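The analysis underlying the following values was restricted to heavy atoms, covering all of them including side chains, and did not include hydrogens, waters or symmetry mates. What you see is a predicted model, and the numbers here were worked out from it, not measured in a lab.
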Amino acid sequence: MPALSRSAARRVDEGSPSPCGASWDGRGVNFALYSAHASRVELCLFEASGRRETERIPLPRRTDQVWHAYLPGLQPGQLYGYRVHGPYEPNHGHRFNPHKLLIDPYARLLHGSIRWHDALFGYRLGAQRSDLTMDRRDSAPMMPKCVVEDPGHHWGDDRLPRRSWSDTIIYEAHVKGLTELHPLLPPAIRGTYAGLGHPAVIEHLAKLGVTAIELMPIHGFADDRFLKERGLRNYWGYSTIAFFAPEQRYCGEAGVTGLKAAIRSLHDAGIEVILDVVYNHTAEGNHLGPTLSLRGIDNASYYKLAPDNRRYCWDATGTGNSLDLSHPRVLQMVLDSLRHWAEAYHVDGFRFDLAATLARDGFDVTERAGFLRAIGQDPVLNRLKLIAEPWDVGHGGYRVGGFPVGWSEWNDQFRDCVRAFWRGDPGQLPSLARVMTGSAEIYGPPGRQPTASINYVCAHDGFTLDDLVSYDERHNEANGENNEDGHKTNLSWNCGAEGPTDNAGILALRARQKRNLLATLFLSQGVPMLLMGDEMSRTQRGNNNAYCQDNRLSWLDWEKAQANDPDLLGFTQTLLQFRRQHEAFRRRDFLTGRILPGTALKDVYWLAPEGHEMTPADWHGPSRRALGMQIGNEAGDDRRFLLLLNAAPDAVPFRLREDFPGESWVSVFDTRLPTGLVGRDPIILRRGGTVPLEPRSLVLFQQAVSRAAPR
């Protein structure tokens, strides 16, 4: 380690313990770093390239376990990092090593990227990989550097759209994946935040009809060493190293200004921005992982350690470590990060990866966890959209329905049931009815609404929609893990051939199945989420775990994707427009089958093809794959609808009973049609009449007379 000392001309004041991080006030920079167990903290300053360390300054004061200093005259753009002294005692949870340069957990910007080398590890790597012996090599040449930020940015009259949950339609996307191959974007901004804000991208989202874009992780993250050694990259980004800094690889020439401008442009189009955030773990891995930041700053405070042996991390995430949000300073860091993104970047909400880990007080998940209570009372955060991925891999970690009022959750039960139903699996009707009405049995008891359910058929983790109907098995060979990674059970069906085919019948069936799945998604109660490119039949060629495929396999090829199914984009646009126009599909309360006050109508009718309401025997008939659902009887727009679904391989005659409340029904949407829209020859279904419901199809009827007539 080079012998450096601060310049005699450098003035160093004590500064303030708050706020944490590097804060420029126009005259100088205040540095503050929390570490309860450190014996000494050194601030390291670097020249503009980041290659040479120019000064090493001990932080002169420690207040309430926060080390701090103020450097007058220091300017934005200064590169820095920390070296933290303390005991190297892995068996007691302490892994201090001043030979390792550390990223400030509050760094607002990063410069450079990790260059993997054994010196990044706090212990000497050897044949036995024992972490008990300190490694004394300097890691600074291999580490990214923190950057002092100039916080000034003029947002003008930007206003958050603040869409109601009932009007929300989410589009899950990746910054680079969405923009890298867009033919109308200038090459210089493809794959960047500026590309995200380009008018051509925003026009597509607006015409599609989505109201929110959910961006996969854009916090600073690492390309894992094992991926780099395979010639791959961390494409998804679930490997955080900086909770306050935007990921550099998407910055382009515009830098973070490009991100802020993109958010402003999306807001101008009425589109909210939701960030997928990863606070459950970091890129430092298990006890044998590298020392990049929190591990070297205060391992015993920031991470959950095994209660029977503090040498080891306690892991509920499957990544090797779990942040300890039951620690007040760690909780403060996460809340400060969230407020930073809300206030400095004007984001509209967050989707929390493996949120069950965040809700663990100690080692158990609880609705009264400090993290959940803190967000619930925070005046900035509790006004935003909060979405939980409501599980982790630890004991008791599956918590769908377990988050408090004010939260929405990814509902994997919707995904699995809808996939199984349209695949033709038996016994799906009871589950289908539950998920299409908002999963009241999950979200109703604690007083939540249908909008607590984020409904999806496909997400980044798994098959795309096109692959869901084209592959029975995963095909992840490109990941280099012998096709053993990713989900084994996908509830997919290749419709008769594995992968690409020229068979016209199979292609037609696949196209109809995609329309069935999308129609079920957008005509159900709850908040629908569409995966990037599913509206244009994007394929990953059967890869259901493309986390490391930063290439054309994962990117949206705007020209080729649409050529696979040229009508699907128009079908999806029409479907989303239909949902927006009719209140019956955007309810704020659960459908229960109750009689509506002042009428003889129920709020929902469940119909059997034989011409009667579903009976208990009908619901549990294993061979039944057809169902009718009538809703809209209390919608303020006076529109009533009848939805008929048939997942069977054969046509089913569907009869409407003679006393049904609604004399005549006209088909308005039909998945047998490429665009979905019914033209001049609609199907007319009258009381006592029968309509042949074609195999594997969904038909939506609208009442042909006013709702007042049958009362």
Side-chain angles (χ1 to χ4, degrees), residues 3-48 50 52-86 96-98 100-111 140 143-153 220 241-245 292-294 296-298 301-302 327-341 343-344:
L4 294 176
S5 60
R6 68 179 177 88
S7 168
R10 172 74 70 187
R11 174 182 161 191
V12 179
D13 295 339
E14 289 185 357
S16 170
S18 178
C20 285
S23 306
W24 182 63
D25 63 5
R27 294 173 297 179
V29 181
N30 190 83
F31 294 90
L33 179 74
Y34 169 77
S35 180
H37 300 99
S39 60
R40 185 185 183 198
V41 174
E42 293 176 310
L43 172 68
C44 302
L45 303 183
F46 291 81
E47 47 81 32
R52 185 169 62 88
E53 186 176 345
T54 59
E55 292 185 70
R56 193 170 298 179
I57 303 167
L59 299 190
R61 180 61 61 187
R62 183 188 189 203
T63 304
D64 296 332
Q65 301 177 331
V66 177
W67 301 76
H68 52 92
Y70 182 84
L71 275 61
L74 209 64
Q75 295 294 310
Q78 174 66 55
L79 305 187
Y80 73 98
Y82 287 111
R83 298 181 189 272
V84 182
H85 299 251
F96 295 99
N97 187 335
K100 309 306 170 186
L101 187 75
L102 305 173
I103 296 170
D104 180 358
Y106 278 73
R108 265 61 170 180
L109 298 170
L110 293 180
H111 171 83
M143 283 290 293
K145 310 307 185 290
C146 309
V147 185
V148 176
E149 179 195 34
D150 181 350
H153 181 79
I241 57 173
F243 296 116
F244 292 75
L292 308 174
S293 182
L294 305 180
I297 294 170
D298 194 347
S301 293
Y302 285 99
H327 190 291
R329 286 293 190 175
V330 182
L331 176 60
Q332 177 191 350
M333 177 184 70
V334 170
L335 294 175
D336 287 346
S337 170
L338 292 169
R339 280 190 294 269
H340 172 69
W341 288 98
E343 294 173 340

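Remark: Lys100 NZ to Met143 CE distance equals 10.5 Å, nearest 0.5 Å. Atom CD of Glu42 sits about 7.5 Å away from atom CZ of Arg83, to the nearest 0.5 Å. Going from atom OG of Ser337 over to atom CD of Gln332 covers 12.0 Å, rounded to the nearest 0.5 Å. Here the SG atom belonging to Cys146 is positioned 9.0 Å from the CG atom belonging to Leu102, to the nearest 0.5 angstrom. Separation of atoms CG (Leu110) and CD1 (Ile103) is listed at 5.5 Å; rounding is to 0.5 Å.
One N or O on the side chain of Asp25 and one on the backbone of Arg27 form a donor-acceptor pair closer than 3.5 Å. Between the side chain of Lys145 and the backbone N or O of Ala140, at least one donor-acceptor pair lies under 3.5 Å. The backbone N or O of Val148 sits nowhere less than 3.5 Å from a side-chain atom of Trp24 that would complete a donor-acceptor pair.
Every residue was checked against the ring pair (Phe, Tyr, Trp, His ring centres under 6.0 Å) condition with Phe96, not counting sequence neighbours, and none meets it. For Trp341, the ring pair (Phe, Tyr, Trp, His ring centres under 6.0 Å) partners are His219, Tyr345, not counting sequence neighbours. Residues satisfying the side-chain hydrogen bond (donor to acceptor under 3.5 Å, both in side chains) criterion with His111, sequence neighbours excluded, are absent altogether. Partners of Ser23 by side-chain hydrogen bond (donor to acceptor under 3.5 Å, both in side chains), not counting sequence neighbours: none found. Under the side-chain contact (heavy atoms from CB on, under 4.5 Å) criterion, Ser16 pairs with Ser18, Asn30, sequence neighbours left out. With sequence neighbours excluded, no residue satisfies salt bridge (charged side-chain N to carboxylate O under 4.0 Å, His left out) with Asp150. For Ala36, the side-chain contact (heavy atoms from CB on, under 4.5 Å) criterion is met by Tyr34, Gln65, Asp298, Ser301, not counting sequence neighbours. The side-chain hydrogen bond (donor to acceptor under 3.5 Å, both in side chains) test applied to Tyr302 returns no partner, not counting sequence neighbours. For Arg52, there are no side-chain hydrogen bond (donor to acceptor under 3.5 Å, both in side chains) partners at least two apart in sequence or on another chain.
Annotation: side chain of Leu45 is in contact with side chain of Arg10 (closest heavy-atom distance under 4.5 Å).
Taking each heavy atom of Ala69 and Leu59 in turn, the nearest pair found is CB-CD2, 3.6 Å. Shortest non-hydrogen contact noted between Gly296 and Val84 is O-CB, 3.6 Å.
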Please determine whether side-chain contact (heavy atoms from CB on, under 4.5 Å) holds for the pair Asp336 and Met333, giving the CA-CA distance in whole Å, both sets of side-chain angles, and the decisive distance to 0.1 Å. CA-CA 5 Å; Asp336 287 346; Met333 177 184 70; 5.7 Å; no
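The salt bridge (Lys or Arg N to Asp or Glu O under 4.0 Å) contacts involving residues 58-69 comprise Glu14-Arg61, where partners must be two or more places apart or lie in separate chains.
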Donor-acceptor pairs under 3.5 angstrom involving side-chain atoms of residues 71-82: please list them, not counting sequence neighbours.
| unit_1 | atom_1 | unit_2 | atom_2 | d |
| --- | --- | --- | --- | --- |
| Gln75 | NE2 | Gly73 | O | 3.3 |
| Gln78 | NE2 | Phe46 | O | 3.0 |
| Tyr80 | OH | Asp104 | OD2 | 2.7 |

